[in-house]
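One structure below.
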Amino acid sequence: TVVVAPQTVRLDVGEVQTFSAQVSDVDGRNLRRAVVVWESMAPEVLTVGPDGEVEGIAPGSGSVRATFRGVSGTATVTVRPAPEIRVTPDTAVLYAEAGGADPAPVTLRIQTAPGARNLTELTALDVYPPGGTPGWMTPQLVDTESPTDLVLSASVTGLGVGVHEASVELRSPDDRRGVFTLPVRLFIADLTVTESDGRTIVGESGPADTLSIRLESAPDTALVLGITVDDPGEVAVSPDTVIFDPDNWQTPQLVVVTAVNDLVRDGDRDVTVTIGVDPDRSDARFAPLTDRTVAVTSRDDDLGTFSIAESGPGSEVDEGGTTDDFTVVLDAQPLDTVVFRVTRGDTTEVAVSPAVLSFAPDVWNTPQTVTLQGVDDDVIDGPQTSRVYVIVDSARSDPAFIAFGRDSIDVVTTDDDAAGFVVTVTPPRSAGADTTEVSEAGTTDTIQVVLGAEPASDVVFSVTVDDPGEVSANPTTLTFD
């Protein structure tokens, strides 16, 4: 008999195992000098030498046979793939911003070849090319046996803008190839935004200002920057998108900042312009760039004033009750309600209605009408000019309108009173209202004198008798003031 030992073996591709064959006669005696012939029964999987040395050459199963004088013995051999360091992905890339935070660590998976036994005693060493900056990368194995993870971290301290290269050398005694080299690249990007005068100030009536955007390294594809304003009602930018590509990246691009000219009296406004990477449209190496912000001051050119418009060349009423009117309107939109009080310089000459006007922000430019009406009196004063005032109620109004809070118009009131007086006898006589009667016995009668209107100054009457030998009058002077 021929007995091959060992009977069952598992080999890696490239691994060698020496088999032995024991030959015995029919009586069971060992034939020590017997020479067997070795043969691979699966030459595509394994080979065998004349001394029984078997080498696995491809994954699979087969047998090896030893023959002596027509008698054979066999052993089973299973060949596995050779253990090899496999890293997924097979290249590591990290991205960072110059002067910014360190990039997030990158985790890679280390495994052996499919079907192969696990790798043991794994080691990782960071290596840098000649002339490169060393020490910026730290490789860390979670475990020394596969499958495991390799965690790469990087420090950007002291590193400039551009591409920094390194590699990780992975070794295991189970990988007969010796070393697996993992390429590592660190991209550091930067973006500079420059204000034209060290600050950005724009006015609603001009001028505009500019921002200059410069890229510090070339993109592989494109870098798309979106430019936004936190208060588009105050400030606008043009363009609102800037694109750098491999051809134009060295040319700074300008963004024009302008104030939006509104009619709102809102004072100077501080607005923020933000410049940020559009990650869906940009080269991945620029993803770490943080947003750049620019503080913009928008100068307001709207004054907190108002306008009065008379219905004609001037305002005129009379004591008979005729009316006139004027309108009031704001010249700029307020942020809060503006309240006016309408007052009269002479309450005896003209009346106003309404006495209060209120302008809310949503109706600021709708004129409101004030009606003027003459006040009737009994004074002969002729045409009188008085003043009507429109005054901002500071306690109830938008503060921006207080400084410009007073205006007025002149109103002429035409007089309807005429000079005259009435003389009556008290009591009246039947002979007529203008007849009086006295006797020489000393009886008296009364004559009453009344003015038809209030005089502007004293009115003096002289009382005379055409026949003083018959009648006397007392007093002889009447004074009305």
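- D90 is linked by a side chain to side chain contact (heavy atoms under 4.5 Å, CB included) to nothing, counting only residues two or more places apart in sequence or in another chain.
- The salt bridge (charged side-chain N to carboxylate O under 4.0 Å, His left out) pairs that include a residue from residues 158-174 are R117-D174, E165-R185, E169-R171, where partners are two or more places apart or lie in different chains.
- Residues satisfying the salt bridge (charged side-chain N to carboxylate O under 4.0 Å, His left out) test with D318, not counting sequence neighbours, are none.
- Formation of a donor-acceptor pair under 3.5 Å by the R292 side chain with backbone atoms of T290 is found in this model.
- Here T133 contributes atom OG1 and L159 contributes atom CG; the two are 5.5 Å apart, rounded to the nearest 0.5 Å.
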Pair R80, R10 - check side chain to side chain contact (heavy atoms under 4.5 Å, CB included), show working.
CA-CA 7 Å; R80 302 169 298 189; R10 296 175 65 89; 3.3 Å; yes

Name every donor-acceptor pair, under 3.5 Å, that has one atom in a side chain of residues 352-373 and the other anywhere in the protein, sequence neighbours excluded.
residue : atom : partner : partner atom : Å
Q368    : NE2  : S358    : O            : 2.7
Q373    : NE2  : G321    : O            : 3.3

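- Relative orientation of the F187 and Y95 rings is parallel, given thresholds of 30° and 60° on the angle between their planes.
- Checked against salt bridge (charged side-chain N to carboxylate O under 4.0 Å, His left out), D291 has no partners two or more places apart in sequence or in another chain.
- Residue T200 holds its OG1 atom at 3.5 Å from CD of E195, rounded to the nearest 0.5 Å.
- V168 places none of its side-chain heavy atoms less than 4.5 Å from the side chain of L125.
- The one candidate from D377, V317, V388 that meets the side-chain contact (heavy atoms from CB on, under 4.5 Å) condition with E349 is D377.
- For V161, the side chain to side chain contact (heavy atoms under 4.5 Å, CB included) partners are A98, D190, E216, S217, not counting sequence neighbours.
- Heavy atoms only, all atoms of each residue included: P43 and M41 are closest at CD-C, 3.7 Å.
- Listed by first then second residue, pairs satisfying salt bridge (charged side-chain N to carboxylate O under 4.0 Å, His left out) with a partner in residues 222-239 number zero, not counting sequence neighbours.
- For D126, the side chain to side chain contact (heavy atoms under 4.5 Å, CB included) test picks out Y128, M137, P139, with sequence neighbours left out.
- Using a 3.5 Å distance cut-off with no hydrogens or angles, the side chains of S386 and D346 do not pair a donor with an acceptor.
- For the 3.5 Å distance criterion, the side chains of T479 and D458 fail to qualify, holding no donor opposite an acceptor.
- Nearest heavy-atom pair across E145 and T148 is O-CB, 3.5 Å.
- Side-chain atoms of D209 do not come within 3.5 Å of backbone N or O of V202 as any donor-acceptor pair.
- In this structure, CG in L182 is found 6.5 Å from CG in L152, a value given to the nearest 0.5 Å.
- Remark: S167 pairs with no residue by the side-chain hydrogen bond (donor to acceptor under 3.5 Å, both in side chains) rule, at least two apart or across chains.
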Take T123 and T144, measure what side chain to side chain contact (heavy atoms under 4.5 Å, CB included) needs, and give me the verdict at the end.
CA-CA 7 Å; T123 61; T144 58; over 6 Å; no

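- Atom CG of L170 sits about 11.5 Å away from atom OG of S146, to the nearest 0.5 Å.
- The CD atom of E316 lies 12.5 Å from the CG atom of D410; values are rounded to the nearest 0.5 Å.
- You'll find the side chain of E310 reaches within 4.5 Å of the side chain of I409, heavy atoms only.
- Residues T88 and Q111 have side chains that never bring a donor and an acceptor to within less than 3.5 angstrom of each other.
- Judged by distance alone, the side chain of S172 and the main-chain N or O of T120 form a donor-acceptor pair under 3.5 Å.
- Every residue two or more places apart in sequence or in another chain that forms a side chain to side chain contact (heavy atoms under 4.5 Å, CB included) with A208 is listed here: V256, T258.
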Would F180 and V87 count as a side chain to side chain contact (heavy atoms under 4.5 Å, CB included) here? Give the steps.
CA-CA 9 Å; F180 178 91; V87 182; 3.4 Å; yes

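- Partners of D325 by salt bridge (charged side-chain N to carboxylate O under 4.0 Å, His left out), not counting sequence neighbours: none found.
- Environment of CD in E39: crowded, with over 12 heavy atoms of neighbouring residues, nucleotides or ligands closer than 6.0 Å.
- Annotation: F306 is in aromatic contact with F340 [ring centroid separation under 6.0 Å].
- Taking 4.5 Å as the limit, every side-chain heavy atom of T210 sits out of range of all side-chain heavy atoms of V255.
- Without hydrogens or angle criteria, S397 side chain to V339 main chain gives a donor-acceptor distance under 3.5 Å.
- If you run side-chain contact (heavy atoms from CB on, under 4.5 Å) between I227 and each of T274, I213, T241, L211, only I213 comes through.
- Under the salt bridge (charged side-chain N to carboxylate O under 4.0 Å, His left out) criterion, R199 pairs with no residue at all, not counting sequence neighbours.
- Counting only distance, with no hydrogens or angles, the side chain of D283 and the backbone of D220 share a donor-acceptor pair below 3.5 Å.
- Distance alone, capped at 3.5 Å, is enough to place a donor-acceptor pair between the D398 side chain and the D336 backbone.
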List the steps, then state whether side chain to side chain contact (heavy atoms under 4.5 Å, CB included) holds for R299 with I201.
CA-CA 7 Å; R299 301 290 193 200; I201 300 176; 3.7 Å; yes

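- With hydrogens and angles ignored, the 3.5 Å screen pairs a side-chain donor or acceptor of D415 with a backbone N or O of G382.
- Separating the CG atom in L191 from the CD1 atom in I275 is a distance of 7.0 Å, to the nearest 0.5 Å.
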